[in-house]
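Here is the structure we will look at.
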Amino acid sequence: MSAFTKGTEGGVKSQGDLLFEAQQRQQRGFKRNVGVSWGIFFLIIIYFFSGQSFLGIKTIELNTDFIVKNIGFIALGLPQTLLVSVLAITLAMTLALLAALGRLSTIPPIYALSTFYVSLIRGTPLYLQIFFFFLALPQLGIVLTGLFAGVLALGLNYGAYMSEIFRAGLASVGKGQREAAIALGMTPIQTMRRVVLPQALRFAIPPVGNEFIAMTKDSALVSATGFVHEVMWRATRVGRAQFNNLEALIMAALFYWLMTLLLTYVQSIIEARLSKGDR
Amino acid sequence: MLPIVKISNLDKYFGRLHVLNNINLEVGEREVVCIIGRSGSGKSTLLRCINFLEDPSHGSIEVDGVRVAVGGKGKQQRQLIHDVRLKTGMVFQEFNLFPHMSVLENVIEGPVTVKGMDRKHAVELAEQHLDSVGLLFKKDEYPNRLSGGQKQRVAIARALTMEPRVMLFDEPTSALDPELIGEVLNVMKKVAKDGMTMLVVTHEMGFAREVADRVIVMADGELVEDNKPEQIFNAPKDPRTEALIVRYRTGGG
């Protein structure tokens, strides 16, 4: 009898129900408090940049005229930023998959090429790689546009890091799957194409999403070439010209932040859909 | 009876470990042969050598007139091995259904991709075999929605749809919950009754006794006894056979 308590609505609730409800209330309360705290931090930051004086503490005053005048100019960099990122992630995925497959090869030069590529790229800075394609190659008579050099550098760089993701994806497909395919009479290429890759790619989609989000931010480095008019390039250009770097960079930061929030949201939807079809 | 499977002088080493020691075995058409033995006796390795999931170290394998001698190289050898694989269907302990394909897609995958059969014909054939294992109504489900017993029945249908001459079963019920073993064994009995040549590595002594034409006992990489089930279970000659069946008798098998 002690395990049951009379509920307030007259229904009988077990102790388990009551504990579960208490736990739920606690979780809801935690989420609400986190949300409220976020709001407060946000308000503090806004106040911090409001230019108001309070209790003798002077806050930072932003040039609102400058912001209103230039926000559109910086926003126009968003499509460029996304273009660079989309092209580069496409290149990166291709290279990463090839590098991961190379790591499975039993042919020494192919295995070596794959490890050599990953080692070289991971051993040098991305910033250097961008300049290499844009500034060093012209010395050899190869002139790439800023966009092309940037996409190439970002793609090569991310491809090297992402090869690990694809390697893990390929490793996640059990030996039994390959054996079942071989026993049916599939060739190694058929086994890879029909059985291993579809499963490996499904495994790789969520982490590739993370890499894409990271890349939208690293694409800012491409502005260093001076010829890709993405968000960062536009922010530094107007900021320097009128010595309003503070306002310009804050705007750019907000744009990047919003973009990552949006992409993270899209990614969570894709992930939820994938896990629903998890089979 | 003309042998449809002929294994001659087969040896297999894993590194320095000698897991199969000079195996000679013939299986006649429509014969059901159960291979029993303790784990580590080499029975699964023997089965997996037949379709070259394991590379034998020495000897030869012949299935339905296609003879593959170990040591051959190049395109011709690959073609022979491919031919042997087309003549053998395999059922695994862990089912190994393709999780990204529906039941029907799993079953037509072999005929369409490997044999180049047109899809319509493959679907007809697949549905026929799914029906015979009693799972046609699950054809659009994905494997993760099936019970272990259902998965294994689909795996059997997948192998049968390739229309092999010989079916190899590698401990087909060992990964199943006890209450699901019966449905798989019943399907296997049906396959045997339909005249399929079968090699079954199993711990199911009841099945071996009831369905097998011959029971082979393996120990330490050797065939220690090869006889009719009545002989094996009633009058075992080798002490290792006796130890094996006594163990299963007391285990309730």
Side-chain angles (χ1 to χ4, degrees), chain A residues 93 96-97 100-101 104-111 165-209 267 269-279, chain B residues 44 47-48 50-55 75 78-79 81-103 105-117 141-146 151 154-155 158-164 166-170 175:
Chain A
M93 284 199 293
L97 185 58
L101 288 172
L104 294 176
S105 175
T106 49
I107 304 165
I110 293 180
Y111 181 92
I165 293 172
F166 286 90
R167 209 152 75 93
L170 290 170
S172 76
V173 182
K175 191 171 153 234
Q177 290 289 310
R178 284 167 227 257
E179 288 187 347
I182 292 169
L184 282 175
M186 287 195 201
T187 63
I189 289 172
Q190 287 170 336
T191 302
M192 187 51 76
R193 193 168 53 83
R194 299 289 307 164
V195 175
V196 178
L197 275 186
Q199 296 183 61
L201 292 181
R202 180 185 294 265
F203 178 95
I205 286 172
V208 165
Q267 194 202 9
I269 292 173
I270 294 172
E271 240 172 276
R273 196 167 289 172
L274 270 182
S275 69
K276 210 192 278 173
D278 198 7
R279 46 218 184 188
Chain B
S44 278
L47 198 74
R48 289 161 57 85
I50 295 174
N51 66 352
F52 290 84
L53 281 184
E54 302 286 355
D55 282 325
K75 212 172 168 185
R78 280 201 298 274
Q79 186 60 46
I81 290 175
H82 182 75
D83 290 346
V84 165
R85 284 176 180 157
L86 286 184
K87 287 175 183 293
T88 51
M90 188 155 199
V91 174
F92 298 87
Q93 182 177 346
E94 300 289 342
F95 332 125
N96 295 345
L97 293 181
F98 304 131
H100 57 298
M101 298 180 189
S102 72
V103 164
E105 286 166 340
N106 261 281
V107 180
I108 65 170
E109 181 62 28
V112 171
T113 301
V114 177
K115 287 185 168 175
M117 191 183 285
E141 292 281 11
Y142 280 85
N144 75 332
R145 307 267 301 165
L146 304 181
K151 281 181 195 166
V154 171
R158 178 173 70 176
L160 287 175
T161 306
M162 286 298 280
E163 302 183 306
V166 179
M167 285 283 284
L168 309 173
F169 294 84
D170 188 5

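Letters A, B, ... mirror the listed sequences (proteins, then strands); counts begin at 1.
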(message) Contact between Met101(B) and Pro198(A) at the side-chain level, heavy atoms closer than 4.5 Å - yes or no?
(response) no
(message) Minimum heavy-atom separation for Ala183(A) and Phe92(B), please, with both atom names.
(response) CB-CZ, 4.0 Å
(message) Show the nearest heavy-atom pair for residues Val195(A) and His100(B), with the distance to one decimal.
(response) O-CE1, 3.6 Å
(message) So which atom in Pro99(B) and which in Gln199(A) form the shortest heavy-atom distance, rounded to 0.1 Å?
(response) CG-OE1, 3.1 Å
(request) Pick one of side chain, backbone, both or neither for Arg48(B), based on which atoms fall under 4.5 Å of a heavy atom in chain A. (result) side chain
(message) Using a 4.5 angstrom heavy-atom cutoff, name the option from Asp83(B), Ile81(B), Asn51(B), Leu97(B) with the most pairs to chain A.
(response) Leu97(B)
(request) Looking only at non-hydrogen atoms, find the nearest pair between Leu184(A) and Leu86(B) and report the distance. (result) O-CD2, 4.0 Å
(request) Sort Phe98(B) into side chain, backbone, both or neither according to what part of it lies under 4.5 angstrom from a heavy atom of chain A. (result) both
(message) Just checking Ile269(A): does its CD1 atom have more than 12 heavy atoms from other residues, nucleotides or ligands closer to it than 6.0 angstrom?
(response) yes
(message) How long is the straight-line distance from CD of Glu109(B) back to CZ of Arg194(A), given to the nearest 0.5 Å?
(response) 4.0 Å
(request) Between chain B and each of Met186(A), Gln177(A), Arg193(A), count heavy-atom pairs under 4.5 Å; write down the option with the most. (result) Gln177(A)
(request) Give, for atom CG of Asn96(B) and atom NZ of Lys175(A), the distance between the pair rounded to the nearest 0.5 Å. (result) 10.0 Å
(message) Between Gln190(A) and Thr113(B) (side chain of the first, backbone of the second, donor and acceptor by atom type, cut-off under 3.5 Å), is there such a pair?
(response) yes
